[in-house]
2 protein chains.
Amino acid sequence: MHHTDSHGGVRDEDLLRLDHQICFSLHAATRAFNGVYRVALRELGLTYPQYLVMLVLWEHGELPVKRIGEHLRLDSGTLSPLLKRLEAAGYVERRRSLRDERSVTVRPTTSGAALRERALGVPRRMAEVTGMDLEEVRDLRTRLRDLAAALDEAAQALDGGGGTDGGAR
Amino acid sequence: MHHTDSHGGVRDEDLLRLDHQICFSLHAATRAFNGVYRVALRELGLTYPQYLVMLVLWEHGELPVKRIGEHLRLDSGTLSPLLKRLEAAGYVERRRSLRDERSVTVRPTTSGAALRERALGVPRRMAEVTGMDLEEVRDLRTRLRDLAAALDEAAQALDGGGGTDGGAR
DNA sequence: ATCAATTCAGTTGTGCACAACTCAATTGGG
DNA sequence: CCCAATTGAGTTGTGCACAACTGAATTGAT
């Protein structure tokens, strides 16, 4: 069972080692990114996911929870408590839609809109501190986007018609 | 203040929009990656972070909690409960070091070692499903590693001297 | 008009990340 | 030798991600 090389002459052991490295690298990069934003966002009183939600709201002004979730690929299980905290902090306002009583519309308060001005410094400081120029940022964004798309597809493939054994959902 | 272009003629609004895109892309890519592994690891009864720990243990055989934490950049606050769950699942064994009573040594049980054979299929299926060849994987790993290093440095700079005006370095 | 299926927000439970802390074991300076 | 500082594991509390579920509002088929 040591001679399998179904992928370009790479042995299973090396594959596992490489997987270790790639998994760890992604995991570490994410947490490093998170850490930098954590520091940069501390003075704004926002966590990184809360910042993402505010970015969406600043851009669109007012959105139902469902739409925010679509923009960020997050479900209500994550967003509901997060939005309650943003509301408690005074940054957003939630109210039941009159059109559709199931839907809840979220929008920045005056305070939340004002926060945007202070937030403008964040990406500027990130750019300074990482030393990445616009080209690099755009390139990274594109790569990550493609990667995410490939992975989302992969998850579907695995989950649905999936692998060697059954593994029904 | 709409004319500020401290970074190559890019206005603050665009910077914020770009930050939105890059933040979201990384966040989404990470969660997508996580999702694929979640599916692939389901049959092994491991979560993604548990898989990372097992990868380290398979490679090194036996390590104190401290060393595992250094390999994965995780602290005892994260590792202690995770290792207790791995122990409850019967995959690892923990025992107090005789040399130093503060230290706890972790090593795979027979069952945990056997799990390695089944885990060999995981990176293979990941490779299949993402369609990335070895070169791409290695390239991505390198990029992520560099990014993480730059970000870790950045966090230090921000945290340490990076006060109100963000002058650091 | 009625009832079954769907949609949306929210809750519950599990696991991870991280800060701040406790406590025992070890180490080093006097 | 003794005590202060350090080290290593663990606990507590907060917040996020996600699965599975609840419950109310809406939609659709008959």
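Here is the naming used below: chain letters follow the sequence lines, and residue numbers restart at 1 for every chain.
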Measure the distance from [atom1] on [X] to [atom2] on [N] and round it to the nearest whole Å.
X      : N       : atom1 : atom2 : result
N34(A) : dG15(D) : CG    : P     : 15 Å
K84(A) : dG15(D) : NZ    : P     : 12 Å
F33(A) : dA17(C) : CZ    : C1'   : 17 Å
Q50(B) : dA17(C) : CD    : C1'   : 14 Å
L83(A) : dC8(C)  : CG    : C1'   : 13 Å
Y37(B) : dC18(D) : OH    : P     : 17 Å
L82(B) : dT11(D) : CG    : P     : 14 Å
R95(A) : dA9(C)  : CZ    : P     : 14 Å

Would you say the side-chain atoms of [X] pair up with the backbone N or O of [Y], donor to acceptor, closer than 3.5 Å?
X       : Y      : value
S111(B) : Y91(B) : no
S76(B)  : L79(B) : no
Q50(A)  : T47(A) : yes

Would you say that more than 12 heavy atoms from the other residues, nucleotides or ligands in this model lie under 6.0 Å from the CZ of R73(A), or not?
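At most 12 heavy atoms, drawn from other residues, nucleotides or ligands, come within 6.0 Å of this atom.
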
Which comes earlier along DNA chain C counting from the 5' end, the contact point of R94(A) or that of H27(A), where each point is its nearest nucleotide?
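The residue whose closest nucleotide sits nearer the 5' end is R94(A).
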
Which residues satisfy the salt bridge (charged side-chain N to carboxylate O under 4.0 Å, His left out) test with D146(A), sequence neighbours excluded?
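Expected list: none.
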
Reckon T47(B) touches a base, only the sugar-phosphate, or nothing at all at heavy-atom distances under 4.0 Å?
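The answer is sugar-phosphate, as T47(B) gets under 4.0 Å only of primed atoms, P, OP1 or OP2.
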
Would you say the rings of F33(A) and H27(B) are close, in the sense that their centroids are separated by under 6.0 Å?
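Not under 6.0 Å, so no.
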
Out of R125(B), R118(B), R38(B), which one pairs with E43(B) under the salt bridge (charged side-chain N to carboxylate O under 4.0 Å, His left out) rule?
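Going through the options one by one, the only one that passes is R125(B).
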
Run the numbers on S103(A) and S97(A) for side chain to side chain donor-acceptor pair (under 3.5 Å), then give the verdict.
CA-CA 6 Å; S103(A) 177; S97(A) 165; 5.0 Å; no

Classify the ring geometry of Y37(A) against Y48(A): parallel below 30°, tilted from 30° to 60°, perpendicular beyond 60°.
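Tilted.
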
Using heavy atoms and a sub-4.0 Å distance, could you list which residues of residues 96-107 of chain A are near DNA chain C? By number, please.
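Close to the strand are R96(A), R102(A), S103(A), V104(A).
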
Give the residues of residues 56-79 of chain B touching DNA chain C, defined as any heavy atom closer than 4.0 Å, sorted by residue number.
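Residues of residues 56-79 of chain B under 4.0 Å from DNA chain C: L74(B), G77(B), T78(B).
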
